[in-house]
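One structure below.
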Amino acid sequence: MPQLLIVYHSRTGGTRQMAEAACAGASDETKTILRRAGDATPEDLLAADGYLFAAPENLAALSGEMKEFFDRCYYSVLGRIEGRPYGLMVCAGSDGESAVKQAARIASGWRLKQVQPPLIVCTHAQTPEDILAEKTIPESDLARCRDLATALAAGISMGVF
């Protein structure tokens with residue numbers, strides 16, 4: 001059975017909720033593995049047929065732990081996962097665009113195929129207190145995460161990508 005790998009990092013819970021919702025949606029369509037960025041390995045990437053990356057945007061960039069995952073795994077799989085489909089979800093306090101661009105550059109270096117537009121969930125956290133607080137993602141946004149992952153997993157399962 002084809003496999004979708006969801007790799008995420010979350011410090012305040014928002015991206016974790018998004019990744020868990022995505023995993024719930026994808027699991028009905030194909031084998032789905034959910035890994036924290038710190039635990040994901042090059043072997044996980046090689047075993048998967050497609051990917052969903054979920055990260056918070058911190059200081060107009062991917063979170064450090066998500067970037068560390070890409071740094072740690074990049075060269076081990078370079079030239080070995082080309083053409084595989086991927087999706088991206090970003091949890092941001094404002095626009096999330098810088099994290100999207102950064103992740104897209106990394107994915108293009110791996111020659112992955114973006115098969116869906118990135119999903120950005122904006123928490124509107126702008127004060128230090130709000131930024132550091134535990135997040136609760138609204139059900140409407142979690143539904144969008146499930147839908148994105150369901151479509152990605154179905155496409156992988158059917159061999160569409």
Side-chain angles (χ1 to χ4, degrees), residues 1-11 13-57 61-92 96-97 99-122 135 137-161:
M1 174 181 269
Q3 181 174 297
L4 173 66
L5 174 64
I6 301 173
V7 178
Y8 77 98
H9 172 248
S10 187
R11 187 176 318 277
T15 309
R16 177 189 48 77
Q17 292 167 56
M18 293 168 61
E20 289 172 350
C23 185
S27 295
D28 290 337
E29 298 295 331
T30 195
K31 181 177 179 183
T32 305
I33 306 296
L34 180 65
R35 290 272 191 272
R36 289 185 49 83
D39 299 328
T41 65
E43 291 75 22
D44 291 325
L45 288 162
L46 292 170
D49 299 287
Y51 315 102
L52 179 56
F53 303 115
E57 182 177 66
L62 289 171
S63 67
E65 191 168 332
M66 194 69 181
K67 178 66 167 63
E68 194 277 333
F69 153 74
F70 285 122
D71 289 344
R72 180 170 36 82
C73 295
Y74 190 84
Y75 291 106
S76 297
V77 301
L78 187 63
R80 301 169 69 190
I81 60 173
E82 292 177 355
R84 294 183 191 181
Y86 85 97
L88 175 65
M89 301 186 306
V90 172
C91 186
E97 292 297 327
V100 166
K101 288 177 186 172
Q102 187 179 18
R105 283 192 305 269
I106 294 165
S108 93
W110 271 340
R111 306 294 188 262
L112 298 179
K113 180 181 178 183
Q114 182 181 340
V115 295
Q116 295 172 308
L119 175 78
I120 299 172
V121 172
C122 185
K135 306 297 183 287
I137 303 300
E139 177 54 37
S140 59
D141 287 325
L142 295 177
R144 293 170 47 211
C145 297
R146 281 191 295 275
D147 291 347
L148 180 145
T150 298
L152 178 59
I156 290 168
S157 183
M158 293 185 292
V160 172
F161 307 123

key: Full working for salt bridge (Lys or Arg N to Asp or Glu O under 4.0 Å) between Arg144 and Asp141   = CA-CA 5 Å; Arg144 293 170 47 211; Asp141 287 325; 2.7 Å; yes
Between [X] and [Y], what is the shortest heavy-atom contact and its length?
| X | Y | value |
| --- | --- | --- |
| Arg72 | Ala37 | NH2-O, 2.7 Å |
| Pro85 | Ile156 | CG-CG1, 3.8 Å |
| Met18 | Cys91 | SD-CB, 3.6 Å |
| Cys73 | Thr41 | SG-C, 3.8 Å |

request  = Classify the angle between the aromatic ring planes of Phe53 and Phe70 as parallel (below 30°), tilted (30 to 60°) or perpendicular (above 60°).
outcome  = perpendicular
Sequence neighbours left out, cut at 3.5 Å: what donor-acceptor pairs do the side chains of residues 23-30 make with other protein atoms?
{"unit_1": "Ser27", "atom_1": "OG", "unit_2": "Cys23", "atom_2": "O", "d": "2.6"}
{"unit_1": "Thr30", "atom_1": "OG1", "unit_2": "Pro2", "atom_2": "O", "d": "2.4"}

Distance in Å, [X] [atom1] paired with [Y] [atom2], rounded so as to fall on 0.5 Å steps:
| X | Y | atom1 | atom2 | answer |
| --- | --- | --- | --- | --- |
| Gln17 | Leu142 | CD | CG | 6.0 Å |
| Gln116 | Leu88 | CD | CG | 10.5 Å |
| Ile6 | Leu52 | CD1 | CG | 5.0 Å |
| Met66 | His9 | CE | NE2 | 9.5 Å |
| Ile120 | Met89 | CD1 | CE | 12.0 Å |
| Glu20 | Leu34 | CD | CG | 6.5 Å |

key: Check ion pair Lys101-Glu97 (N to O, under 4.0 angstrom)   = no
CA sep, side-chain torsions, deciding dist, call: Gln102, Lys67, side-chain contact (heavy atoms from CB on, under 4.5 Å) = CA-CA 9 Å; Gln102 187 179 18; Lys67 178 66 167 63; 3.8 Å; yes
ask   = Where do Val115 and Tyr86 land on the side-chain contact (heavy atoms from CB on, under 4.5 Å) test, with the steps shown first?
value = CA-CA 6 Å; Val115 295; Tyr86 85 97; over 6 Å; no
key: Any pair counted as salt bridge (charged side-chain N to carboxylate O under 4.0 Å, His left out), so long as it reaches residues 40-50, sequence neighbours left out   = Arg35-Asp44
query = Could you walk me through whether Ile106 and Tyr74 pass the side-chain contact (heavy atoms from CB on, under 4.5 Å) check?
reply = CA-CA 8 Å; Ile106 294 165; Tyr74 190 84; 4.2 Å; yes
request  = Begin with the C-alpha distance, continue with both residues' side-chain angles, and end with the deciding distance and a verdict on side-chain contact (heavy atoms from CB on, under 4.5 Å) for Tyr8 and Arg36.
outcome  = CA-CA 5 Å; Tyr8 77 98; Arg36 289 185 49 83; 3.2 Å; yes
